[in-house]
Structures are given as C-alpha cells and as structure tokens.
Amino acid sequence: MQASFRIQDFLSFRRFINNIDIHSKIFDLSDESDYEFVEAPQLNIYQKLTLCELIQLRELVNGTHFAIELNSLLHQLLFNEPELV
C-alpha cells in the first residue's frame, strides 16, 4: 500500500494509530482482538490489519514522524539562523 498525506492528515492518522491499545489486544484471547480495522477516509484507505501489521505500521508512522521533525529542525537551523553556520 502506498499513501500520500498532507501534514495535518498524517498527524491525525498518527494519533489514531498510536491510540490503539496493542498491549491489551495481545493479551486478549478473543478472535476479534487479532485484527484491527484501520481507516484514513481522506485517502480512501480501509484496511483490516493483523497485530503484527499494526505494530509494523506504528513503527513506520512514528519513524516517518521523526524524519519530518528532524528535517524541520535541520531546515530551521540551516536557513533561519545563518550566523550559526
């Protein structure tokens, strides 16, 4: 799956993914807890993910968020404060 987000949509999607309680799903023995329905209506994404896929997606989303924050910080340091370089 490939998706392009606007930054506000990405941050909203990240909050949604991080609010899923994976810990309780791992210890819940019911069949319903083996999957999670993930949606991003603005991108027409509606997926049923296993817990492993959900954990991988969370790591990907959080890694992407880190890269965006790092890029923003570097851009601020390099272009807004030229006297430091």
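Hydrogens, waters and symmetry mates are skipped; everything else that's a heavy atom, side chains included, is used.
- Atom CZ of Phe66 is surrounded by 12 or fewer heavy atoms from other residues, nucleotides or ligands within 6.0 Å.
- A donor-acceptor pair is defined here as one N or O able to donate and one able to accept, closer than 3.5 Å; no such pair exists between the side chain of Glu59 and the backbone of Gln56.
- Side-chain contact between Ile17 and Leu57: present, with at least one pair of heavy atoms (C-beta onward) separated by less than 4.5 Å.
- When atom types are taken as modelled, the side chain of Asn62 and the backbone of Arg58 share a donor-acceptor pair closer than 3.5 angstrom.
- Interatomic distance, CZ of Arg14 versus CD1 of Ile7, reported as 10.0 Å (0.5 Å rounding).
- Going from atom SG of Cys52 over to atom CD1 of Ile22 covers 10.0 Å, rounded to the nearest 0.5 Å.
- A donor-acceptor contact shorter than 3.5 Å links the side chain of Thr64 to the backbone of Leu60.
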Q) Given the rule in the side-chain contact (heavy atoms from CB on, under 4.5 Å) test, do Val38 and Glu53 qualify, once you have shown the distances and angles that lead to the verdict? A) CA-CA 11 Å; Val38 175; Glu53 292 170 332; over 6 Å; no
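- Aromatic ring pairs are classed by plane angle as parallel below 30°, tilted from 30° to 60° and perpendicular above 60°; the pair Phe5 and Phe10 is perpendicular.
- Geometrically, Lys48 engages Tyr35 in a cation-pi contact, judged by NZ or CZ lying under 6.0 Å from the ring centre and within 45° of the ring axis.
- Atoms CG and CD, from Asp21 and Glu36 in turn, are 10.0 Å apart once rounded to the nearest 0.5 Å.
- Listed by chain and residue number, Asp9 satisfy the salt bridge (charged side-chain N to carboxylate O under 4.0 Å, His left out) test with Arg6 (two or more places apart in sequence, or in another chain).
- The two residues Phe37 and Phe16 have their closest heavy-atom pair at O-CZ, 4.0 Å.
- Between Leu54 and Ile20, the closest side-chain pair of non-hydrogen atoms falls below 4.5 Å.
- Here the straight-line distance linking atom OG1 of Thr50 with atom CD1 of Ile55 works out to 8.5 Å at 0.5 Å rounding.
- A distance of 11.0 Å separates CD of Glu39 from CG of Asn44, quoted to the nearest 0.5 Å.
- Inter-residue side-chain proximity for Asn18 and Val61 is flagged as unmet; no heavy-atom pair is nearer than 4.5 Å.
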